[in-house]
Amino acid sequence: MYDLEELILHDNELTGQIIPLNGGRTARKQTYHDNYIRGTLDPAICLALNDIPLAYHLTADCNKYVECECCTECYNGKIVTTRPSLSPIPSQRPSIIPTKSPRPSFIACPTPPPKKDSKSSPSSC
């Protein structure tokens, strides 16, 4: 089994209050910036990265939304303009109205290959 080397999660629409450890024990490159994550980066990530003998790269939205003591790069993050719906209860009204499947107006007949000896005449189905 191989260890995770990179955990690239930036520029998605991930939401949540914290960044959990995930694959952070061995991944030397981890990018969490430009998401909707808020809160504190799991301190276990910093501890695990400090134990790696090689240099690491860790990004988050720590200029505004995420508290990160060991990030190597900080970003501003995405601004939440509308609250994403995370409700486990489905809405009463569908957001997209289903349409009927289109039906063909004719039925295609297979056309047999023309015979070499005789004149070909149109066939009817």
Side-chain angles (χ1 to χ4, degrees):
M1 181 181 279
Y2 296 101
D3 289 335
L4 184 65
E5 293 182 13
E6 294 184 358
L7 183 61
I8 310 299
L9 298 174
H10 69 275
D11 201 19
N12 285 288
E13 300 206 2
L14 302 175
T15 60
Q17 294 301 314
I18 61 167
I19 299 173
L21 181 58
N22 291 330
R25 292 192 190 284
T26 59
R28 288 187 11 233
K29 181 176 183 178
Q30 299 179 47
T31 61
Y32 300 101
H33 64 274
D34 290 335
N35 283 294
Y36 298 111
I37 300 171
R38 307 294 188 252
T40 304
L41 185 93
D42 188 341
I45 292 176
C46 293
L47 292 172
L49 289 173
N50 286 330
D51 289 341
I52 296 174
L54 303 170
Y56 67 87
H57 183 75
L58 176 64
T59 66
D61 298 325
C62 44
N63 282 343
K64 291 185 177 183
Y65 304 111
V66 176
E67 185 179 326
C68 177
E69 294 183 15
C70 62
C71 284
T72 57
E73 234 177 304
C74 290
Y75 289 79
N76 291 329
K78 291 184 176 181
I79 299 170
V80 178
T81 55
T82 58
R83 185 178 172 101
S85 174
L86 301 175
S87 174
I89 302 167
S91 63
Q92 297 296 321
R93 206 168 16 138
S95 57
I96 299 175
I97 299 171
T99 58
K100 293 181 179 180
S101 298
R103 295 185 181 212
S105 59
F106 65 92
I107 299 174
C109 296
T111 307
K115 294 181 182 178
K116 292 181 183 179
D117 302 5
S118 64
K119 296 178 181 178
S120 60
S121 61
S123 63
S124 61
C125 295

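Start at 1 with the first residue, then count along the sequence.
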Take L58 and L41 through the test side-chain contact (heavy atoms from CB on, under 4.5 Å) and record every step on the way to the result. CA-CA 11 Å; L58 176 64; L41 185 93; 3.8 Å; yes

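- Clustering ILVMFWY residues whenever any of their side-chain heavy atoms sit less than 4.5 angstrom apart, transitively, puts Y56 in the very cluster that holds L9.
- Across V66, D61, I45, a single residue satisfies side-chain contact (heavy atoms from CB on, under 4.5 Å) together with Y32, and that is I45.
- By the SG-distance test at 2.5 Å, no disulfide connects C74 to C68.
- Under the 4.5 Å side-chain heavy-atom criterion for ILVMFWY residues, no single connected hydrophobic cluster contains both I8 and L14.
- L54 and L47 are not part of a single hydrophobic cluster, where members link through side-chain heavy atoms under 4.5 Å apart.
- For the atom pair CD of E69 and CG of N50, the computed distance is 10.5 Å after rounding to the nearest 0.5 Å.
- In this structure, H33 NE2 and N76 CG are separated by 11.0 Å, a value rounded to the nearest 0.5 Å.
- For N35 against H10, the heavy-atom pair with the smallest separation is ND2-CA, 3.8 Å.
- One finds the CG atom of L7 at 7.0 Å from the OG1 atom of T31 (value rounded to the nearest 0.5 Å).
- Crowding of E6 atom CD: a count of heavy atoms from other residues, nucleotides or ligands under 6.0 Å exceeding 12.
- Distance alone, capped at 3.5 Å, is enough to place a donor-acceptor pair between the R28 side chain and the A55 backbone.
- A donor-acceptor contact shorter than 3.5 Å is absent between the side chain of D51 and the backbone of L49.
- Atom OG1 of T40 sits about 12.5 Å away from atom CD1 of I37, to the nearest 0.5 Å.
- Applying the side chain to side chain donor-acceptor pair (under 3.5 Å) rule to N12 yields no partners; only residues at least two apart in sequence or on another chain are considered.
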